[in-house]
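Since the structure is predicted, the reported quantities are computational estimates derived from the model, not experimental observations. One-based numbering, in listed order, for ligands and for the atoms of each.
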Amino acid sequence: MNNPTENPMNDTQNPTSDSAAAAPAPFDGARNRERIRRAMTAYFVLGPQDVEPLGRTVLDAVKQALAGGITFLQLRAKPGDAGDILELARQISAILPQGEPGIDRPYFVIDDRVDVAWAARQEGLKVDGVHVGQTDLPVRHVRALLGDDAVIGLSTGSVAEAQAAAPLADIIDYVGIGPYHDTISKADAPDGLGAERFAAVSRAARPLPNCAIGGVTPEDAPQIAANGGDGLCVISFICRAPSIEHAAYELRSAWENAR
Ligand SMILES: Cc1ncc(COP(=O)(O)OP(=O)(O)O)c(N)n1
Ligand SMILES: Cc1nc(C(=O)O)sc1CCOP(=O)(O)O
Ligand SMILES: [Mg+2]
């Protein structure tokens, strides 16, 4: 299921956005924009708070999601002490395949904790970067701290936030756009954007790759694809599924069939 030759990040289909088709990818290596855009396909976010109440562990959930073919992974431990998050990152890193992110294995980022991402990268873990929100450390500081090679994602929930993000396309690598629907996984999230507002935000964020987050399921794939989305990002759909492997596979297949 997770054969790299079947990886959506290897395929040669045209990217979904006009601007992406017009311009060559601006960065090499892990920060190659089109590689990151393709890796938005099946983006899985989780932390202990999402799985442990269901009798699952983060590590088992990640193992099964890898088998199902996720293309991007975020460790979002809330609350979490830095040392504990780093230890989880070590364990996840150890079960990720070797090789290039977006080609041989999913990208792997840490939510919020630039300090933990920095430490993980110092240790040589397969941690590609960090995902920050609007009230986290400003992205210019994140870039200065993590260096040129790190992958940086930023949350955007409005046209104004996306318009502010787009000119930072040399600093950040993608945006999460949400919540697409109402979500049960983020206490302070506003109401869902819906397809029309999502379309406006994704347009404003160009040329940055994006993923839709917030109550997303595979059923949303055609609508998100039609409205400028580059992929699907979920917590509940995978964490709460009877089979995590099957849910991850469904998510990825839905996007591959929709785009
Ligand atoms: C891919 C992705 N998009 C959005 C978020 C939300 O980040 P943030 O706004 O910082 O909120 P918290 O996740 O920190 O509660 C995300 N984590 N990932
Ligand atoms: C972590 C997060 N960020 C959001 C945003 O809108 O920025 S929504 C969200 C939670 C997504 O979880 P679920 O798939 O269970 O709805
Ligand atoms: Mg945050």
For [atom], the protein heavy atom that lies nearest, with its residue and separation:
{"atom": "atom 8 (P) of ligand 1", "result": "Ser155 OG, 3.5 Å"}
{"atom": "atom 10 (C) of ligand 2", "result": "Thr183 OG1, 3.4 Å"}
{"atom": "atom 17 (N) of ligand 1", "result": "Gln74 OE1, 2.9 Å"}
{"atom": "atom 3 (N) of ligand 2", "result": "Lys186 CD, 3.3 Å"}
{"atom": "atom 14 (O) of ligand 2", "result": "Ile235 N, 2.9 Å"}
{"atom": "atom 15 (O) of ligand 1", "result": "Arg76 NH2, 2.9 Å"}

Find the distance between [atom1] ([X]) and [atom2] ([Y]) and round it off to the nearest 0.5 Å.
{"X": "Gln91", "Y": "Leu75", "atom1": "CD", "atom2": "CG", "value": "10.5 Å"}
{"X": "Asn210", "Y": "Ile177", "atom1": "CG", "atom2": "CD1", "value": "4.0 Å"}
{"X": "Gln64", "Y": "His246", "atom1": "CD", "atom2": "NE2", "value": "13.0 Å"}

Closer than 3.5 angstrom, by distance alone: can the side chain of [X] be matched with the main-chain N or O of [Y] as a donor-acceptor pair?
{"X": "Asp230", "Y": "Cys211", "result": "no"}
{"X": "Arg240", "Y": "Leu54", "result": "no"}
{"X": "Arg143", "Y": "Gly147", "result": "yes"}
{"X": "Asp60", "Y": "Arg56", "result": "no"}

Heavy-atom side-chain proximity of [X] to [Y] below 4.5 angstrom:
{"X": "Glu123", "Y": "Leu86", "result": "yes"}
{"X": "Ser253", "Y": "Pro218", "result": "no"}
{"X": "Ser155", "Y": "His131", "result": "yes"}

Check contact between Cys211 and ligand 1, using heavy atoms of the residue and a distance below 4.0 angstrom.
yes
Are any of the heavy atoms in Lys78 under 4.0 Å away from ligand 1?
yes
Using distance alone, with no hydrogens and no angle criterion, decide if His181 and Asp220 have a side-chain donor and acceptor under 3.5 Å apart.
yes
Just by distance, no angles: are the side chains of Tyr180 and Gln223 close enough, under 3.5 Å, to form a donor-acceptor pair?
yes
By number and element, which atoms of ligand 1 are closer than 4.0 Å to a non-hydrogen atom of [X]?
{"X": "Tyr43", "result": "1 (C)"}
{"X": "Gly133", "result": "8 (P), 9 (O), 10 (O)"}
{"X": "Gly176", "result": "3 (N)"}
{"X": "Asp112", "result": "10 (O), 14 (O)"}

When you compare ligand 1 with Asp188, is there at least one nitrogen or oxygen pair between them that comes in under 3.5 angstrom?
no
Any nitrogen or oxygen of Asp111, side chain or backbone, less than 3.5 Å from one on ligand 1?
yes
Have a look at Ile172 and tell me which of Val151, Ile152, Val142 forms a side chain to side chain contact (heavy atoms under 4.5 Å, CB included) with it.
Ile152
Please report whether ligand 2 has a polar contact with [X], defined as an N or O pair separated by less than 3.5 Å (distance criterion only).
{"X": "Ala189", "answer": "no"}
{"X": "Ser185", "answer": "yes"}
{"X": "Ile184", "answer": "no"}
{"X": "Arg76", "answer": "no"}
{"X": "Ser155", "answer": "no"}

Any heavy atom of Val234 sitting closer than 4.0 Å to ligand 2?
yes
May I ask you to check whether Tyr174 and Phe72 place their ring centres under 6.0 Å from each other?
yes
Kindly identify the option in His131, Gln134, Met40, Lys186 whose heavy atom sits closest to atom 1 (C) of ligand 1.
His131
Which one holds for Asp136 and ligand 1: side chain close, backbone close, both close, or neither close, with close meaning a heavy atom under 4.0 Å?
side chain
Atom name, Asp136 (N, O or S, nearest to the Mg ion (ligand 3))
OD2
Is there an N/O/S atom in Asp112 that lies less than 2.8 Å from the Mg ion (ligand 3)?
yes
